[in-house]
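Have a look at the structure below, then the notes.
Order of listing sets the numbers, starting from 1, for every ligand and every atom in it.
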Amino acid sequence: MTDKFEISFIAVVIAILSFFVYALLQGTTIGYQPPSACSVYPAVNTFKSGVVEIQPGVYEVRIVAARYYFDPSTIILKNPKKVIFEILSKDVLHGFEIVGTNVNVMVLPYYQATFTWDVPSELKGNFMIICNEYCGNGHPNMYAELIIER
Ligand SMILES: [Cu+2]
């Protein structure tokens, strides 16, 4: 035997479930998609990685971060004073940390992280660059090397 209260409760549940189904269908029909199918930020196709010395001691370093590598994987800087980094993620969220320095940034999917690093004058040697945002199965293998020569 069902009473009035029970019937109205069932009606409310059906209304809520209908709304969820409607919202789901609405999402797929107006173009919401999971991140794997996101449209690619235009710069991804034109971005060129590399190291350029734009003035004596001032470098522009352009890096692609993608599953599971940095391109270029070895960066050699001779007597750097200032480094302008431009790092682009080609897929998911990545991190860019130069171990032992104060460089540590997030690289958002399809976006470019741009920042300037004033290199301490006493800094030299080999430094490991790691991705410190979990980006998938190959994440532990995602690293590069920075070599500073004085
Ligand atoms: Cu990673």
request  = Could you please tell me which protein N, O or S atoms lie under 2.8 Å from the Cu ion (ligand 1)?
outcome  = Cys131 SG, Glu133 O, Cys135 SG, His139 ND1
Listed pairs under 3.5 Å, donor-acceptor, residues 74-86 side chains, sequence neighbours left out:
{"from": "Glu86", "atom 1": "OE1", "to": "Arg62", "atom 2": "NH1", "distance (Å)": "2.3"}
{"from": "Glu86", "atom 1": "OE1", "to": "Gln112", "atom 2": "NE2", "distance (Å)": "3.3"}

ask   = How does the hydrophobic cluster around Ile14 look, that is, which other residues are in it when side-chain heavy atoms under 4.5 Å mark a link?
value = Ile10
task = Report the residue from Glu97, Met142, His94 that forms a side-chain contact (heavy atoms from CB on, under 4.5 Å) with Asn132.
result = Glu97
ask   = Between atom OG of Ser89 and atom CE of Met106, what is the distance when rounded to the nearest 0.5 Å?
value = 12.0 Å
query = Between the side chain of Arg67 and the main-chain N/O of Cys135, is any donor-acceptor distance below 3.5 Å?
reply = yes
Contacts of type side chain to side chain contact (heavy atoms under 4.5 Å, CB included), residue Thr101, not counting sequence neighbours = Ile98, Val103, Trp117, Leu123, Phe127
